[in-house]
Amino acid sequence: MKNNYIFTSERLGFRNWSKEDIAAFAALNANMEVMQHFPNTHTKEETKAMITRFQDHYEKYGYTYFATDVLDTGEFIGFIGLAFQSYTSEFTPATDIGWRLKKNAWNKGYATEGATRCLEYAFTTLQLDKVIATCTINNTKSENVMRKIGMTKLGYFKHPLLKEYPNYEECICYGIKNSNFK
């Protein structure tokens, strides 16, 4: 399944998920530092279910949080991609852009490069009108990526899917319209 890329950027390949991704993605999801802005880490079983949801999302919408590899090495580094969000907020329903990378892929510009390429895919191939991104108020690294890819802050909100986790519920939403993408 590797190298079966839907599209690529200069250094990254974006593809649908396979069962071969389970172990590496489970290790990423179990890393407390990677998951510091989420209520909890995920087990291997939860990771399998997540991959199934991502695959189903791709079948329904033609996009997902794509499994992402480094092109030079084929190394799986996590996900960067798009997901339709329908939870209740003033910013949704909308397509969200998001990323989760393993620690050794941090600080190399992969999130910015990959998110920029996913926005290009969203606006040119998928012809979406707008894309949003959200993160907890303390996730400054993700917020910086949102700014770097040209998104603007739309506002703060209490994430309805995080009501049971008051330390994570307060979030920021950024957005970008197709007409503003360069």
Side-chain angles (χ1 to χ4, degrees), residues 4-18 21 25 37-39 49-69 71 77-101 105 108-163 165 168-182:
N4 191 11
Y5 298 121
I6 297 161
F7 58 92
T8 61
S9 64
E10 183 180 341
R11 299 179 294 164
L12 303 173
F14 304 87
R15 60 182 172 77
N16 203 350
W17 295 82
S18 73
D21 295 316
F25 193 38
H37 297 290
F38 295 88
M50 188 180 298
I51 288 173
T52 298
R53 284 193 309 275
F54 291 166
Q55 290 169 324
D56 292 346
H57 190 281
Y58 182 78
E59 290 304 313
K60 182 173 182 177
Y61 295 101
Y63 58 87
T64 191
Y65 290 137
F66 297 105
T68 305
D69 302 325
L71 289 174
I77 59 168
F79 71 72
I80 306 172
L82 306 158
F84 185 76
Q85 302 293 343
S86 59
Y87 56 80
T88 303
S89 80
E90 64 183 280
F91 310 110
T92 52
T95 297
D96 163 84
I97 188 167
W99 45 85
R100 182 179 303 163
L101 303 178
K108 296 181 179 180
Y110 290 147
T112 301
E113 175 184 329
T116 299
R117 181 63 180 94
C118 286
L119 280 180
E120 181 183 341
Y121 184 77
F123 293 141
T124 59
T125 303
L126 301 172
Q127 296 291 304
L128 298 178
D129 292 326
K130 70 174 182 174
V131 173
I132 65 165
T134 65
C135 66
T136 60
I137 59 170
N138 297 318
N139 192 343
T140 56
K141 288 182 181 182
S142 280
E143 189 177 2
N144 286 338
V145 172
M146 293 172 197
R147 285 192 203 107
K148 285 180 188 177
I149 64 175
M151 299 183 107
T152 55
K153 188 184 295 186
L154 301 178
Y156 296 89
F157 72 108
K158 289 190 182 283
H159 201 302
L161 301 180
L162 297 172
K163 278 187 193 278
Y165 307 98
Y168 300 91
E169 185 181 18
E170 191 70 32
C171 291
I172 306 168
C173 185
Y174 276 68
I176 187 169
K177 293 183 178 181
N178 192 329
S179 57
N180 295 333
F181 182 70
K182 296 174 177 119

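- Under the 3.5 Å distance criterion, the side-chain polar atoms of Asp21 are matched with a main-chain donor or acceptor of Ser18.
- By the 6.0 Å contact criterion, NZ on Lys108 is enclosed, its count of non-hydrogen atoms from other residues, nucleotides or ligands being greater than 12.
- A donor-acceptor pair is defined here as one N or O able to donate and one able to accept, closer than 3.5 Å; such a pair exists between the side chain of Thr68 and the backbone of Phe66.
- Panel note: side chain Thr92, backbone Tyr87; a donor-acceptor pair is recorded below 3.5 Å.
- Closest heavy-atom contact between Glu120 and Thr124: O-OG1, 2.6 Å.
- The minimum heavy-atom distance linking Ile132 with Cys173 is given by the pair CB-SG, 3.9 Å.
- Residues Ile149 and Leu119 meet the side-chain proximity criterion, which asks for heavy atoms closer than 4.5 Å.
- For the pair Asn16 and Ala67, the tightest heavy-atom approach, listed with the atom from each and the gap, is O-CB, 4.2 Å.
- Between Ser9 and Thr116 the shortest side-chain heavy-atom distance does not fall below 4.5 Å.
- Ile77 places a side-chain heavy atom less than 4.5 Å from the side chain of Leu12.
- The side-chain heavy atoms of Thr134 and Phe157, taken from C-beta on, include a pair separated by under 4.5 Å.
- No donor-acceptor distance shorter than 3.5 angstrom exists from the side chain of Asn180 to the backbone of Ile176, with no hydrogens or angles considered.
- Each of Phe14, Tyr58, Tyr110, Phe54 was checked for a ring-ring contact (aromatic ring centres under 6.0 Å, His included) with Phe79, and the lone residue meeting it is Phe54.
- With Phe38 as the aromatic partner, Arg100 meets the cation-pi criteria of under 6.0 angstrom to the ring centre and within 45 degrees of the ring axis.
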Next on the checklist: Show, in sequence, the C-alpha distance, side-chain angles and deciding distance for Ile6 and Tyr121, and conclude whether the side chain to side chain contact (heavy atoms under 4.5 Å, CB included) test is met.
Outcome noted: CA-CA 10 Å; Ile6 297 161; Tyr121 184 77; 3.7 Å; yes
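- One N or O on the side chain of Gln55 and one on the backbone of Trp17 form a donor-acceptor pair closer than 3.5 Å.
- Side-chain contact, Asp56 with Tyr61: no donor N or O sits under 3.5 Å from an acceptor N or O.
- Checking Tyr156 against Glu170 by side-chain atom types alone, no donor-acceptor pair falls below 3.5 Å.
- A distance of 6.5 Å separates SG in Cys118 from CD1 in Ile80, rounded to the nearest 0.5 Å.
- Residues Leu126 and Leu82 have side chains in contact (heavy-atom distance under 4.5 Å, counting atoms from C-beta outward).
- Using a 4.5 Å heavy-atom cutoff, the side chains of His57 and Tyr63 are in contact.
- At a threshold of 4.5 Å between non-hydrogen side-chain atoms, the residues Thr8 and Leu71 count as touching.
- The two atoms that bring Lys153 and Ile172 nearest to each other are CG-CG2, 3.9 Å, heavy atoms only.
- Shown here for Cys171 and His159, the closest heavy-atom pair between the two residues is SG-CB, 3.8 Å.
- Checked by atom type and distance alone, the side chain of His37 never pairs as donor or acceptor with a backbone atom of Cys135 at under 3.5 Å.
- Glu143 CD to Ile137 CD1: the interatomic distance, rounded to the nearest 0.5 Å, is 10.0 Å.
- Of the possible donor and acceptor atoms, one in the side chain of Asn178 sits under 3.5 Å from a partner among the backbone N and O of Phe123.
- With values rounded to the nearest 0.5 angstrom, Met146 atom CE is found 9.5 Å from Ile97 atom CD1.
- Annotation: the span from Leu128 atom CG to Thr95 atom OG1 amounts to 5.0 Å, rounded to 0.5 Å.
- Going from atom NZ of Lys130 over to atom CZ of Phe91 covers 9.5 Å, rounded to the nearest 0.5 Å.
- Contact annotation: the side chain of Ile51 approaches that of Phe25 to within less than 4.5 Å [non-hydrogen atoms, C-beta and beyond].
- The pair Asp69-Arg15 meets the salt-bridge criterion, with a side-chain N (NZ, NE, NH1 or NH2) lying under 4.0 Å from an Asp/Glu carboxylate O.
- Annotation for Leu101 and Ala111: closest pair CD1-N, 3.8 Å, computed over non-hydrogen atoms.
- Between Glu113 and Arg117, none of the side-chain N atoms (NZ, or NE/NH1/NH2) sits under 4.0 Å from a carboxylate O, so this pair counts as no salt bridge.
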